[in-house]
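If you read the sequence from its start, that first residue is 1, and numbering goes on from there. In this text, all values refer to a predicted model and were calculated from it rather than measured experimentally.
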Amino acid sequence: MNLSKRFVFGRMLSLSIVLLFIAAAVSGCINTKGELQFKIDGHTLQADERLYLRLQDGSTPLTSDNQAGQASFSIMNPDYKRMIGGFVHDSATGISWVPRFEYEDVYNSSKVYLSEIAESKPRAKPIAAIQAGRPVADPNRTGFVSVTYAVYGNNREPVDDRTEIYIEASEQVTFYDNEPRHNSQTQSRAMSSFTDKGLVTFTMMSSLIDSNDPDLSAIPIALYSGPTPVPIVTCGHAELSALSLSTGALFPEFDPSITSYVADVAYGVSSLSVTASVYDVHALLTVNGTEVSSGQASEAIGLNVGSNPIRIDVTPLTGEVQTYTVTVRRGAAASSSNGGGSGAASHDDGPLSSTNGRLTLPVGRAGLLSLGEAVRVSVPAGAAERELILVIEEVLDTGKLLFDKERLLSSIFEITKNVPENFKRPVTLKLAYDSARLAEGQKPVVFYYDEASAQWVEIGGAAADGLLSVQVDHFTKFAVFAVGSEQKPAEPKFSDIGGHWAEDAILEAAGKGLVSGYANGSFRPNAPVSRAEFAVMLMNALGMPADEAAESGFTDVAGIGEWARKGVAQASQAGIVSGYADGSFRPNANVSRAEIAVMLARASRLSLPEGSPTSFADDRDIPAWAKAAAEELNRLELMKGRGGSFFRPKESATRAEAATVMLRFASYRIFANP
């Protein structure tokens, strides 16, 4: 993994500073005391700063009132719980850290001396952590392994030393306390520490971990800094998830793997804005060098007549920058000889034609487009209400598109247009194919590639003169396959799930049509699942037939990808998904675990009691509208908690987790047939 050069991997945390300052004071006999006394040297706590003590059972950290400005104060432990650490938290900035400390003999005193509070305070709060390489076996402790995380702050730099980091796992995990003064103690389920040079290391043991080949994927792990979750993210994810212009359509249509686009606008368009979204919420997104928020429109960009290149950069926390370019071509002013008008092109002229695979059709004109003798496209007059730019390209890299190369009778061709709408009138497509490769009982059939499901879909076709002819209303990838009564499509494959903890579940879910991958053959198992993606997954699991007339009515329907528009509309009409107060759906926003619970409950048509508390430790954090759904789905084991007894309602789910949930949902089939 290519972490930033700011990190030096050979310099891991010193084992002598891993435990927090409070852990020693509350270990041994001290953890039975009901009161801890603190004395501050020099700088005292400010108005927004407060000291908290962490508890091993994961319950709310202990604190006391009136700490600001005081040279000494006490924190009570009325239930005599075991304490494993502490931190100072600044509620104004969200920063949590561990100041310098000294303490008296832990067996005879419960007094802690704090100092350098201001000097040790970090500049930025953590926003994400990246696992710095694979866990390694501890050579000095049999069965224990150490895992190091690189922690980044909201200034996109490694966090300052002494930033507080708390790890929470399952009851089956034992953490080793590396602080030499603590007599080799261990803690179960959780541990507190702080960073050194932006890195933090935890040493753990569990029956779920093979110390000879450490892998933590079977263990639910959550990191926190103070009260703030610190998501563990994968590095180097620098792709856009969506890209659009306020005026004009992209050509070709947006695909995360395509980085260069063009768009044509009329002379009257003197400026436009760009709206881009990223998969990685921690990536830096800029348009022409100016930072913008994911899913939000950029400032207006002025356009000159002719070409106007626009650069969109996605910079992940680590890894290489991904650059997308959109060249906006602004037309020239109409000449006076045309009377200043901008009417549609005449329909009286004959069809325009091209044999090189590229053709521009004015509004209303018919066209004949071909790429040699292999593929021909006939566009009737009136097929679109805008000027069309059509392109045919042979797909050379077919490895990720084909499950059975033996059945392929033609090349694969990708045909694209510059407008997203389907054609108003049918377009005729003719493909040449090799009839000599047809086996007995087989026939040639035209298929198109469904980008959303990553599967080939049969169209049909009439054969004549070595060509197979079909009529279509949209463009994508097309090919001719041999079809026989005994032929069955192969199972889907993805390029990035090998060895992943959810590999089997993803393949099973994809095979059942519940989830799908991307055009480049990837699944992106660790990417967060969006609201649109989860809505489509639910519709797939419900097996609801496509409703071409379904409409969602959301104010941002234009921002919903064509692949998801019908699914979102059906889910909305079925009462499974809902929008926001402003009428928007926000399709590209990460779906929260609370939203997932409610969607699943609605799809399952569960009868839920209102106002009942849940059994989760973070019940108070679960919105009232999601409590009943979270509790019932946990009882049915359709959706489980994270980190033991925590639900984590505001956290997002990964695509791998969503695939797993969809399998459980489909297998239970507790919903009534629609």
Q. Is any side-chain heavy atom of Arg648 less than 4.5 Å from a side-chain heavy atom of Pro229?
A. no

(Q) For a 4.5 angstrom cut-off between non-hydrogen side-chain atoms, does Val472 reach Pro426? (A) no

Q: Would you indicate whether the side-chain heavy atoms of Pro587 and Val568 approach each other to under 4.5 Å?
A: no

Would you be so kind as to tabulate the donor-acceptor pairs closer than 3.5 Å made by side chains of residues 302-311, with sequence neighbours excluded?
residue	atom	partner	partner atom	Å
Asn308	OD1	Asn304	N	2.7
Asn308	ND2	Asn304	O	2.8
Asn308	ND2	Gly306	O	3.0
Asn308	ND2	Val328	O	3.2
Arg311	NE	Asp313	OD1	3.0
Arg311	NE	Asp313	OD2	2.9
Arg311	NH2	Thr323	OG1	3.4

Q: Please step through side-chain contact (heavy atoms from CB on, under 4.5 Å) for the pair Leu600 and Met662, ending with a clear verdict.
A: CA-CA 9 Å; Leu600 284 171; Met662 283 298 102; 3.9 Å; yes

Q. Tell me, do Leu538 and Arg602 make a side-chain contact under 4.5 Å, heavy atoms counted?
A. no

Q | Residue list, ring-ring contact (aromatic ring centres under 6.0 Å, His included) with Phe413, at least two apart or on another chain | A | none

Q. Taking the side chain as C-beta and beyond, is there a heavy-atom pair between Leu284 and Glu291 under 4.5 Å?
A. yes

Q. Quick check: does any side chain N or O of Asn418 sit under 3.5 Å from a backbone N or O of Glu387, one acting as donor and the other as acceptor?
A. yes

Q) Would you say Arg376's side chain and Leu368's backbone share a donor-acceptor pair under 3.5 angstrom? A) no

Q. Taking only residues at least two apart or on different chains, which pairs with a member in residues 414-423 satisfy salt bridge (charged side-chain N to carboxylate O under 4.0 Å, His left out)?
A. Arg386-Glu421, Glu414-Lys477

Q | CG-OG distance between Asn590 and Ser530, expressed to the nearest 0.5 angstrom | A | 7.5 Å

Q) Taking C-beta and beyond as the side chain, do Tyr449 and Ile412 meet within less than 4.5 Å on heavy atoms? A) no

Q.
Tell me every residue that passes ring-ring contact (aromatic ring centres under 6.0 Å, His included) with Phe423, counting only those two or more places apart in sequence or in another chain.
A. Phe475

Q: Kindly determine whether Leu285 and Leu240 satisfy side-chain contact (heavy atoms from CB on, under 4.5 Å), including the steps that lead there.
A: CA-CA 9 Å; Leu285 177 64; Leu240 290 177; 3.8 Å; yes

Q) Which pairs pass salt bridge (charged side-chain N to carboxylate O under 4.0 Å, His left out) with one or both residues in residues 529-539, sequence neighbours excluded? A) Arg531-Glu595, Glu533-Arg655

**Q.** Separation between CG of Leu390 and CD1 of Ile415, rounded to the nearest 0.5 Å
**A.** 9.0 Å

(Q) Run the side-chain contact (heavy atoms from CB on, under 4.5 Å) test against Ala629 and tell me which residues pass, sequence neighbours left out. (A) Ala597, Val598, Ala601, Leu608

Q) Are any of the side-chain heavy atoms of Leu352 and Pro362 separated by less than 4.5 Å? A) yes

Q. Can you name the residues that form a ring-ring contact (aromatic ring centres under 6.0 Å, His included) with His474, not counting sequence neighbours?
A. Tyr448

Q: Can you run down the salt bridge (charged side-chain N to carboxylate O under 4.0 Å, His left out) pairs that involve residues 292-306, sequence neighbours left out, and say none if there aren't any?
A: none

Q. Please, which pairs that meet ring-ring contact (aromatic ring centres under 6.0 Å, His included) have at least one residue in residues 288-316, sequence neighbours excluded?
A. none

Q: May I ask you to decide if Ala242's main-chain N or O and Ser277's side chain share a donor-acceptor pair within less than 3.5 Å?
A: no

Q.
So, using ring-ring contact (aromatic ring centres under 6.0 Å, His included) as the criterion, who are the partners of Phe447 when residues are at least two apart?
A. Phe481

Q. Is Arg329 atom CZ crowded by more than 12 heavy atoms from other residues, nucleotides or ligands, each under 6.0 Å away?
A. yes

Q | Under the salt bridge (Lys or Arg N to Asp or Glu O under 4.0 Å) test, residues paired with Arg330 that sit two or more places apart | A | none

Q: Would you check if the side chain of Tyr433 reaches a backbone N or O of Leu468 as a donor-acceptor pair within less than 3.5 Å?
A: no

Q: For a side chain to side chain contact (heavy atoms under 4.5 Å, CB included) with Ser298, tell me which candidate from Ile312, Leu245, Val292 qualifies.
A: Val292

Q. Under 3.5 Å, is there a donor-acceptor pair between the side chain of Ser378 and the main chain of Thr428?
A. no

Q | Euclidean distance, Thr416 OG1 relative to Ile392 CD1, rounded to 0.5 Å | A | 9.0 Å

Q.
Quick check against the 3.5 Å criterion: does Ser522 have a side-chain atom that pairs as donor or acceptor with the backbone of Asp496?
A. no

Q. Judged by atom type as modelled, is there a donor-acceptor pair below 3.5 Å linking the side chain of Ser584 to the main-chain atoms of Asp556?
A. no

**Q.** CZ-CD distance between Arg593 and Glu657, expressed to the nearest 0.5 angstrom
**A.** 7.0 Å

Q: Check whether any side-chain heavy atom of Leu243 lies under 4.5 Å from a side-chain heavy atom of Tyr261, and answer yes or no.
A: yes

(Q) Rounded at 0.5 Å granularity, tell me how far OG1 in Thr247 sits from CG in Leu272. (A) 6.0 Å

Q: Could you list all the ring-ring contact (aromatic ring centres under 6.0 Å, His included) pairs where at least one residue sits in residues 565-585, not counting sequence neighbours?
A: Phe554-Phe585

**Q.** Gap separating the CZ atom of Arg358 from the CG atom of Leu369, nearest 0.5 angstrom
**A.** 10.0 Å

